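Note that ligands are numbered from 1 as they come in the structure, with each ligand's atoms numbered from 1 the same way. This chain uses plain numbering: 1 for the first residue, then up along the sequence. Note that the structure is a prediction, hence the values are computed from the model and not measured.
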Amino acid sequence: MLSPALGCALLFLDISIQWTTQETVPPKYLHHDPETSRQLMCDKCPPGTYLKQHCTARRKTVCAPCPDHSYTDSWHNSDECLYCSPVCKELQFVKQECNRTHNRVCECEEGRYLELEFCLKHRSCPPGLGVLQAGTPERNTVCARCSDGFFSDETSSKAPCRKHTNCSVLGLLLTQKGNATSDSICSGNSETTPKCGIDVTLCEEALFRFAVPPKFTPNWLSVLVDNLPGIKVNTESIERIKRRHNSQEQTFQLLKLWKQQNKDQDMVKRIIQDIDLCENGVQRHIGHANLTFEQLRSLMESLPGKKVGIEDIERTRKTCKSTEQFLKLLSLWRIRNGDQDTLKGLMHALKHLKMYHFPKTVTHSLRKTIRFLHSFTMYRLYQKLFLEMIGNQVQSVKISCL
Ligand SMILES: *[C@@H]1O[C@H](CO)[C@@H](O)[C@H](O)[C@H]1NC(C)=O
Ligand SMILES: *[C@@H]1O[C@H](CO)[C@@H](O)[C@H](O)[C@H]1NC(C)=O
Ligand SMILES: *[C@@H]1O[C@H](CO)[C@@H](O)[C@H](O)[C@H]1NC(C)=O
Ligand SMILES: *[C@@H]1O[C@H](CO)[C@@H](O)[C@H](O)[C@H]1NC(C)=O
C-alpha cells in the first residue's frame, strides 16, 4: 500500500512529465537494432543537427551540430546536413545568410521578381492601366484598366490610376472630359484658375538665408524691418506673417514682401536682376527635366522629415508648368519642415534616390543645380546682396544675437 503522501508525489511526477513531454517530445523513427535484432523507436534529431548514432536499447539517439555551410531545418533522421545554397544568382542579394537551421535566402533586387530561375523586371503598366498590386520579389506587378472616372497617363510599375480632376470643385468649367489615358481639362477665367505660386524660390531662399539668425530673438522681425532701407513693411503685414509662418519662414516672407514693395528702387532692382539671373541658372539646370508623377513622388519620398503628400503632388501637376513643378514641391517641403535648408534636404535625397532607379539625367541635373547654388560666385553674390540690402547696422545686431 502506498502512503497518501507518496501517492501525492507520484501524481505530481506524472503531471510534470506530461507537461514537459507536450512541449519537447521529439518525433520518432523506426530503427532495426542489429545488437538485439529488435525494432526500436528512436528519437529524431532536431533542426541544426545531424544524426550521429542511432539509439540502442540502452541509449538515446545521438545528434551533433551541422558543420559550417550546412543546415537542417526540420526534425529528421538523416546522418548528413544539407549544403547551404551557394552564392546568390545574378541580380539577387543575400536576404538571410545561412546558419545551422536555415538555408541561405536570396532575393531579387528592388524592382525585380523571380520567375523560374531568373530575376525579371517588374512589369510597367502602360497609359490607361494602373498598378493594382505592386510587384514584390516573388510576384510581378498586377495592372488593371482604369475604371470610369480614373486615368493613368504614364507607363509605370508603381503608379495606380488616379481620379480625374473635378473641375466644378475647383470652380472651373469642364472643357474636355477625361478618359482612361487623360485627365479632365478644366478652364475658367484667370482669376479662378489656381496659380502655381512658388512662395519663396530656391534662389531667394539661398539669398535670404543670410538674414536668418542662428537663434531667433522674439523681436527679430521688428529689428529687421527697422533696418531694411526703403519703404517699410507695415505692421499689419508683419502681424499676418507672424501668425501664418514659423520663425525662419517669417524672415523669408518679410524679405519677399519688402522686395516687392521696393522693386522700383535702384538698389532693389539690382537685387531682383541678380535673383533673376540665379533663377535662370536653376531653370537651365533642372527646368528641362520633365518629371513624371512617379518621379516627383519618389523625389518627395526621398527628402527627409515630413513628407509632401500625393494630393500636393497632384495639385502641383495641375497648377504648375512642368518646368516649375519640382521647384514648387520643394518649396512646399521647406514650409512643411520648418527650419530646414532645402539644399541640404536635396543632398540627402540624392543619396537615397539610387533605390528608385532614377534616370541618371535627372540626378545629374539635381547635382548640377546644388553645385550651382553653392558655387563660389553665387556665394559672393549672396553676400554682396545681403550687405547691400541690410547694411552694417543689422550685421552688428546679427552678431549680438549669436
Ligand atoms: C538562423 O537564421 C534564422 C533566420 O535568419 C534565425 O531566425 C535564427 O535565429 C538563426 N539561428 C541561429 C542559431 O543563429
Ligand atoms: C465633383 O464633385 C461634386 C461635389 O463633390 C460632385 O457632386 C460631382 O459629382 C463631382 N463630379 C465628378 C465628375 O466627379
Ligand atoms: C483620351 O483623351 C485624349 C485627350 O483628350 C485623346 O487624345 C485620346 O485619344 C483619348 N483616348 C481614348 C481612348 O479615347
Ligand atoms: C515636357 O513637357 C512639355 C509640356 O508638358 C512638353 O511639351 C514636352 O514635349 C515635354 N518634353 C519631353 C522631353 O518630354
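- The salt bridge (Lys or Arg N to Asp or Glu O under 4.0 Å) search around R244 returns none, not counting sequence neighbours.
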> Do E109 and K121 pass the salt bridge (charged side-chain N to carboxylate O under 4.0 Å, His left out) test, and can you show the C-alpha distance, the side-chain angles, and the key distance before you say yes or no?
Replying inline: CA-CA 9 Å; E109 287 172 358; K121 264 205 164 112; over 6 Å; no
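- Close approach to Q96 involves these atoms of ligand 1, each under 4.0 Å from a residue heavy atom: 4 (C), 5 (O).
- Annotation: ligand 3 has protein neighbours Q176, N179, T181, S182, each with a heavy atom less than 4.0 angstrom from the ligand.
- Atoms of ligand 2 lying under 4.0 Å from any heavy atom of N166, numbered from 1 in the order shown and given with element: 1 (C), 2 (O), 3 (C), 8 (C), 10 (C), 11 (N), 12 (C), 14 (O).
- When only modelled atom types and interatomic distance are considered, T165 and K318 share a side-chain donor-acceptor pair under 3.5 Å.
- The closest approach between any non-hydrogen atom of R100 and ligand 1 is not below 4.0 Å.
- A salt bridge does not link E301 with K307: none of the charged nitrogens is closer than 4.0 Å to a carboxylate oxygen.
- Under 4.0 Å is where a charged nitrogen must lie from a carboxylate oxygen, and between R334 and D341 no such pair does.
- No cation-pi contact links R162 to F150, judged by a cut-off of 6.0 Å to the six-membered ring centre and 45° from its axis.
- Remark: L303 CG to Q340 CD distance equals 9.5 Å, nearest 0.5 Å.
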